[in-house]
Amino acid sequence: MSSKDLTAALAALTEQAQPVRPTPQSRGGAQRVVSAAPMPGAPASGSGTAAGIASPLAEVAGREYYATGWRTTDGLFTFPAVKKIPFTDANGSPVVLNFLAPA
Amino acid sequence: MIEFASNGKAGDPIHGVWSAATGMVETPFGGAVTKTTAAPIGGDCYRIKVPGMPPVETTTEEAALGQTWLDHALMSGTNHVLYGQALGALSWIYVAPDSTPWRAEIVSSSGWKLRLTRYGAVAAGVDVEMYEHSMTLPAEFGSRANMIDDIRDDGSAVALVNYEQWTASESVPWVRVLHCGVVVEVSGLASEALVSVTPVFDIDDYWGSYSTDDPVETFGYHHFARYVWDAVGPKYRYQYVGEVAEDYVPSGGDVVVQAPLSYQGAAGTSDMIRGLYFDITGAIQVVKFSVSMAIEGDASHDPMVDPANSDPLKWYGVAYDPVWTSVTTYTLTLGDVDLVVEVSDRREARYGSIAENDGYLRNYISVDGVLAASLIVNNQASVTCWYYPAISIMYYGWYWPYYGASARQAIYPVRYGNKCFGLVERRRAGGDQDRHIKVITDTALASAETISVARNSRHYSSRDPDTGNVVRDADPICFV
């Protein structure tokens, strides 16, 4: 066997000894998304939800309550249960928090 | 006081039997816990149920703290204590058709009004809603005292009575002399509520009926004073049928009202209204106390009046053996339930002496006219029946059958709570002795939500609003 043949044979054996690397399974990580928030210093778009929320938030008029409220177990006392609070963020965009009805 | 649990529950979780002696609440799980509350007066207890509230459970950990979480509230005492606060004798909770609770209050302000104030709406800086609706009450309610005898379960009606409190004798727990009773009904939303007043009785009906036999015998007097009024103070007036008399209460003594001869008789009946309550259907019922007495036997020669056996006749060998029996029946009627006490006296007179007296007291409960149980109590053994064995004297709502100066007996009705009435026997022989007429079975009364109890006169009792069972043996007690 020539040296050339020997080299080819060793190369062939080496390829057989190394298994094919399996394809990694997806672990459900966060999907790649593209931020729509403006870069610092960029002008605010004022286009609503797509523009994100800029702190701080300032409450504006329009807070809403559930009519039944949060009640004592006997039903005699009723405490206010917030249903909705509207805010305006630092960019002047409206932000709304909606709360679950009390059980 | 509102308590908040870590699992989101809130309310008043301290319930049980409250004792004035200790200020503690005996809880259903055993042990007593302290409750910050105004003292409930008497044994009244009401359940306030707001529709739509889901069932609530008490965890093991909460029970260990003495807590009982309920889907309803309890209002206690004649002063109507709720969440530790006394709403007042003329206030209660009205649950409107929209399930909102309102404090209803009967007020006198330029005429009678029903004031509805939103109850339990916690909101800072918001005016509490309040509405007033005019109502018309009989003129009697402008004087003396008014109180609520009972409240319909949903607060849509109350039984309102006008009364005076009579405490003339040292031996008498105060007695209500009722003058008038009405039902006040409320309906609709608070802002546009309709208020109606329906008379149930007035003073002319206080003694529902009266009759007496012709006074063919004068040995025994059955006095039925028809009415006593202006009774608070040293002077009182009383009335037989058609006749009015006036007298003074003797210093420290009892009042003995003797009917004119034309109204004395060997037998007679009388009844009077002692209270109002709502039955299990919500209908108004009248608590009526009736007294009747009958004489059987030959009583024509009673030695008291006709000393046929006096010594001169005895010397000549003339003897009479008059034997007679008087039976006085006291009945407290609560709807279809009667609490009945019979006092019987048998007397034989020979040669000017009283041979024997085997009077006894028997009480039983009858439901729908069917005798449910009976009990014979021999309690007259020590009573010597010398004179006036058949005398029965109206005593501001009770009756004293006289057995001579040293021993006498009274049967009078007592109100323990809004659905808790009974009869009490009081004997005076070397000091007063009270014995509340014990009902034979509570279960016979539970279906009618009418309960009587057996305690002495310093004690009150109440019922468990959940089970209807009577609660006894505390001093005094009330469900809170």
Side-chain angles (χ1 to χ4, degrees), chain A residues 27-31 33 35-38 44-103, chain B residues 1-5 7-15 46-59 62 67-75 82-85 87 92-96 98-103 117-126 128-129 154-155 465-466:
Chain A
R27 292 182 294 176
Q31 296 297 313
V33 296
S35 172
S45 66
S47 58
T49 56
I53 299 173
S55 181
L57 303 178
E59 182 178 356
V60 296
R63 182 184 288 216
E64 296 180 7
Y65 297 88
Y66 283 99
T68 54
W70 176 53
R71 293 195 287 183
T72 50
T73 57
D74 52 30
L76 281 186
F77 284 85
T78 302
F79 302 91
V82 175
K83 181 178 183 181
K84 169 184 172 183
I85 304 179
F87 295 88
T88 299
D89 71 1
N91 300 320
S93 298
V95 178
V96 175
L97 297 182
N98 292 316
F99 295 87
L100 290 173
Chain B
M1 177 182 295
I2 300 176
E3 295 194 21
F4 297 87
N7 50 15
K9 291 184 292 194
D12 179 3
I14 306 300
H15 300 291
Y46 301 95
R47 174 169 45 193
I48 302 172
K49 179 77 173 169
V50 176
M53 296 309 298
V56 58
E57 294 182 352
T58 299
T59 66
E62 291 165 343
Q67 298 182 348
T68 306
W69 290 91
L70 302 174
D71 61 358
H72 58 270
L74 297 179
M75 186 172 73
L82 180 63
Y83 272 87
Q85 302 292 319
L87 297 182
W92 71 99
I93 297 297
Y94 167 61
V95 181
D98 60 359
S99 295
T100 54
W102 298 77
R103 177 188 174 187
T117 307
R118 183 71 165 88
Y119 185 83
V122 180
V126 178
V128 176
E129 289 183 88
D154 58 359
D466 285 323

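Given the structure is predicted, the values throughout are model-derived calculations rather than measurements. The sequence lines fix the lettering, A, B, ..., with proteins before strands; numbering per chain opens at 1.
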Exercise for review: For the residue pair A:W70 and B:F4, categorise the inter-ring angle as parallel (less than 30°), tilted (30 to 60°) or perpendicular (more than 60°).
Suggested key: parallel
Check your understanding: What is the distance from atom CG of A:D74 to atom CD1 of B:I93, rounded to the nearest 0.5 Å?
Key -> 10.0 Å
**Study point:** Rounded distance [0.5 Å steps], CH2 in B:W69 versus OG1 in A:T72
**Key:** 9.0 Å
Exercise for review: Over all heavy atoms of both residues, which pair between B:P101 and A:G75 is shortest? Give the atoms and the distance, please.
Suggested key: CG-O, 4.1 Å
Revision key, fill the gap. B:M53 and A:T73 have their tightest heavy-atom pair at CE-O, 3.6 Å
Check your understanding: Got more than 12 heavy atoms from elsewhere within 6.0 Å of CD, B:Q85?
Key -> no
Review point. For atom NZ of B:K9, is the number of surrounding heavy atoms from other residues, nucleotides or ligands below 6.0 Å larger than 12?
Key: yes
Check your understanding: Heavy atoms, side chains only, cut-off 4.5 Å: are A:L76 and B:D12 in contact?
Key -> no
